[in-house]
Amino acid sequence: MIPAAFDYVRAGSAAEAISLIGQHGSDAKFIAGGHSLLPMMKLRLAQPAVLVDISRISDLSYIKDAGDHIAIGAMTRHMEVEKSSVLAQHVPLLAHAAGHVGDPQVRHRGTIGGSIAHADPASDLPATTLALGATYVVQGPNGTREIAASDFYKSFLESDLAEDEMLTEIRVPKMNGAGWSFQKFNRRAQDWAIVGVAAWRGANGSGVGLVNMGQTPILASSVSAALAGGSSIADAAALAVADAQPSADNNATVEYRTHLAKVLVRRALEQASA
Amino acid sequence: MEIQVTVNGKKFTSDVEPRTLLVHYVREVLNLTGTNVGCDTSSCGACSLHLDGEAVKSCTVLAVQADGANITTIEGMAAADGTLHPMQQSFMENHGLQCGFCTPGMVMAATSLLKENPNPTEDEVRIGLEGNLCRCTGYHNIVKAVLAAAGK
Ligand SMILES: Cc1cc2nc3c(=O)[nH]c(=O)nc-3n(C[C@H](O)[C@H](O)[C@H](O)COP(=O)(O)OP(=O)(O)OC[C@H]3O[C@@H](n4cnc5c(N)ncnc54)[C@H](O)[C@@H]3O)c2cc1C
Ligand code: FES
Ligand code: FES
């Protein structure tokens with residue numbers, strides 16, 4: 001399988017990338033790791049006329065301690081997130097989740113920015129950064145803006161990003177020693193989660209993100225609200241799907257996903273509270 | 001578009017269409033057919049090679065994305081005098097292959113794994129090779145070969 005023909009240009013900076021996308025209009029797309037985009041292009045589900053390669057913008061590949069949060073450049077690859085000692089110390093949930101994306105070959109290419117911009121509800125890092133209360137920094141022709149993860153995901157593979165905007169940084173609050181758990185349920189190695197749960201629980205509350213439980217990654221706010229109100233883990237986990245809209249696919253029916261989400265949220269909260 | 005790559009220590013300059021996949025470039029332009037295409041959907045790992053020292057699935061990389069890179073394929077693993085790479089030797093000694101179709105990808109993924117984790121446990125080897133499918137061996141001897149190559 002070979003993608004349909006396209007023109008290829010390489011950007012050296014975010015500003016150049018945004019101006020290139022602006023010049024080529026809605027038929028152009030950014031390519032970072034290419035590990036979501038190229039499979040879609042090979043299947044001809046995507047046929048961009050122009051690819052703007054942003055993967056060599058090396059000043060957007062970093063993981064920095066920024067006081068109350070960790071700042072991660074959009075071009076940072078999954079393997080670097082997984083192996084980061086800064087994240088291991090301050091946001092272990094994210095480093096751990098990144099280690100569960102696909103397989104090592106995928107993690108050598110795919111980027112955190114590409115994963116979030118792609119806005120796939122079945123992907124691990126959108127739901128994980130959502131659970132952690134991350135902020136995404138986006139650059140466009142008229143400057144930068146910050147978007148809360150909870151405002152970013154609009155519908156299936158649709159985000160708040162405009163066509164000429166580029167995700168440049170992901171800001172993730174430090175976990176300050178909170179307990180955490182990442183539950184990924186799949187039947188084949190390297191596969192996407194049938195249902196996944198990213199959860200943390202600490203002195204200032206909790207956060208629960210659900211993978212593959214709706215058209216977008218889901219923040220299970222009802223679960224956190226119940227915990228804050230003094231509910232037991234079992235009672236809170238029973239509300240796992242209150243904010244979700246699971247659908248059926250080849251792997252699971254709605255009933256199966258619903259059951260799985262409740263079980264995995266309970267397990268995740270037990271582990272995060274231990 | 002013109003690209004320059006170093007493959008198995010040799011420099012090449014080629015004019016490629018942007019949509020050319022790296023695996024097709026390596027197999028059809030450079031005639032290095034040891035890198036296989038199994039699934040063509042980023043799943044099986046048969047097309048694994050090293051891009052700047054790290055295993056990647058070359059069916060999911062554009063040749064133009066590899067411009068300037070240092071690439072090693074299975075053909076570049078043995079020494080110039082034909083002495084097998086220790087990982088290849090270990091696959092042979094431990095019967096880590098049957099039909100051999102997955103083997104180039106397995107060897108490339110396994111050497112990349114040992115570079116990142118020189119002392120893996122059996123579980124770490126199994127998880128580290130989760131991007132590579134084998135339809136013959138049941139993986140047992142592949143894992144044994146990788147552990148043996150790691151000196152276990
Ligand atoms: C075999 C396989 C298994 C996988 N398994 C998993 C899994 O288990 N869990 C999981 O979460 N993911 C999985 N993935 C997907 C992987 O994580 C991708 O790397 C990731 O989703 C996309 O990142 P990328 O850098 O490759 O983006 P690309 O494919 O380059 O881009 C994806 C989309 O985002 C846009 N884009 C990219 N970067 C930016 C940016 N900075 N600003 C604006 N737009 C941007 C592109 O235009 C494109 O539309 C798997 C992929 C493969 C091939
Ligand atoms: S051919 Fe590339 S992963 Fe199967
Ligand atoms: S040896 Fe035949 S596919 Fe692995």
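To find a chain, count down the sequence lines: A is the first, B the second, and so on, and within it residues start at 1. In this text, all values refer to a predicted model and were calculated from it rather than measured experimentally.
Here B:Gly131 is the residue among B:Ala109, B:Gly131, B:Cys59 with the most heavy-atom pairs under 4.5 Å with chain A. Your options are A:Pro39, A:Gly34, A:Ala5, and the one with the most heavy-atom pairs under 4.5 Å with chain B is A:Ala5.
Heavy-atom minimum distance, B:Leu62 versus A:Leu51: CD1-CD1, 4.0 Å.
Annotation: residues 93-106 of chain B contacts chain A through no residue [non-hydrogen atoms, separation under 4.5 Å].
Using a 4.5 Å cut-off between heavy atoms, A:Met79 touches chain B through its side chain atoms alone. Contacts between A:Ile31 and chain B at a heavy-atom distance below 4.5 Å involve the side chain alone, from C-beta outward. Neither the backbone nor the side chain of B:Val37 comes within contact range of chain A, judged by heavy atoms closer than 4.5 Å.
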Between chain B and chain A, which N or O donor and acceptor atoms come closer than 3.5 Å?
{"unit_1": "B:Arg19", "atom_1": "NH1", "unit_2": "A:Pro3", "atom_2": "O", "d": "3.0"}
{"unit_1": "B:Asp40", "atom_1": "O", "unit_2": "A:Lys42", "atom_2": "NZ", "d": "2.9"}
{"unit_1": "B:Asp40", "atom_1": "OD1", "unit_2": "A:Lys42", "atom_2": "NZ", "d": "3.0"}
{"unit_1": "B:Asp40", "atom_1": "OD2", "unit_2": "A:Met1", "atom_2": "N", "d": "2.4"}
{"unit_1": "B:Ser43", "atom_1": "O", "unit_2": "A:Gln190", "atom_2": "NE2", "d": "2.8"}
{"unit_1": "B:Ser48", "atom_1": "OG", "unit_2": "A:Gln105", "atom_2": "NE2", "d": "3.0"}
{"unit_1": "B:Glu54", "atom_1": "OE1", "unit_2": "A:Arg77", "atom_2": "NH1", "d": "2.7"}
{"unit_1": "B:Glu54", "atom_1": "OE2", "unit_2": "A:Arg77", "atom_2": "NH2", "d": "3.4"}
{"unit_1": "B:Ala55", "atom_1": "O", "unit_2": "A:His108", "atom_2": "ND1", "d": "2.6"}
{"unit_1": "B:Lys57", "atom_1": "NZ", "unit_2": "A:Asp103", "atom_2": "OD2", "d": "2.6"}
{"unit_1": "B:Cys59", "atom_1": "O", "unit_2": "A:Lys42", "atom_2": "NZ", "d": "2.7"}
{"unit_1": "B:Val64", "atom_1": "O", "unit_2": "A:Arg10", "atom_2": "NH2", "d": "2.7"}
{"unit_1": "B:Gln65", "atom_1": "O", "unit_2": "A:Arg56", "atom_2": "NH2", "d": "2.8"}
{"unit_1": "B:Asp67", "atom_1": "O", "unit_2": "A:Arg56", "atom_2": "NH1", "d": "3.1"}
{"unit_1": "B:Asp67", "atom_1": "O", "unit_2": "A:Arg56", "atom_2": "NH2", "d": "2.8"}
{"unit_1": "B:Asp67", "atom_1": "OD2", "unit_2": "A:Arg10", "atom_2": "NH1", "d": "3.3"}
{"unit_1": "B:Glu116", "atom_1": "OE2", "unit_2": "A:His108", "atom_2": "NE2", "d": "2.6"}
{"unit_1": "B:Glu130", "atom_1": "O", "unit_2": "A:Gln190", "atom_2": "NE2", "d": "3.0"}
{"unit_1": "B:Glu130", "atom_1": "OE1", "unit_2": "A:Gln190", "atom_2": "N", "d": "2.8"}
{"unit_1": "B:Asn132", "atom_1": "OD1", "unit_2": "A:Gln105", "atom_2": "NE2", "d": "2.8"}

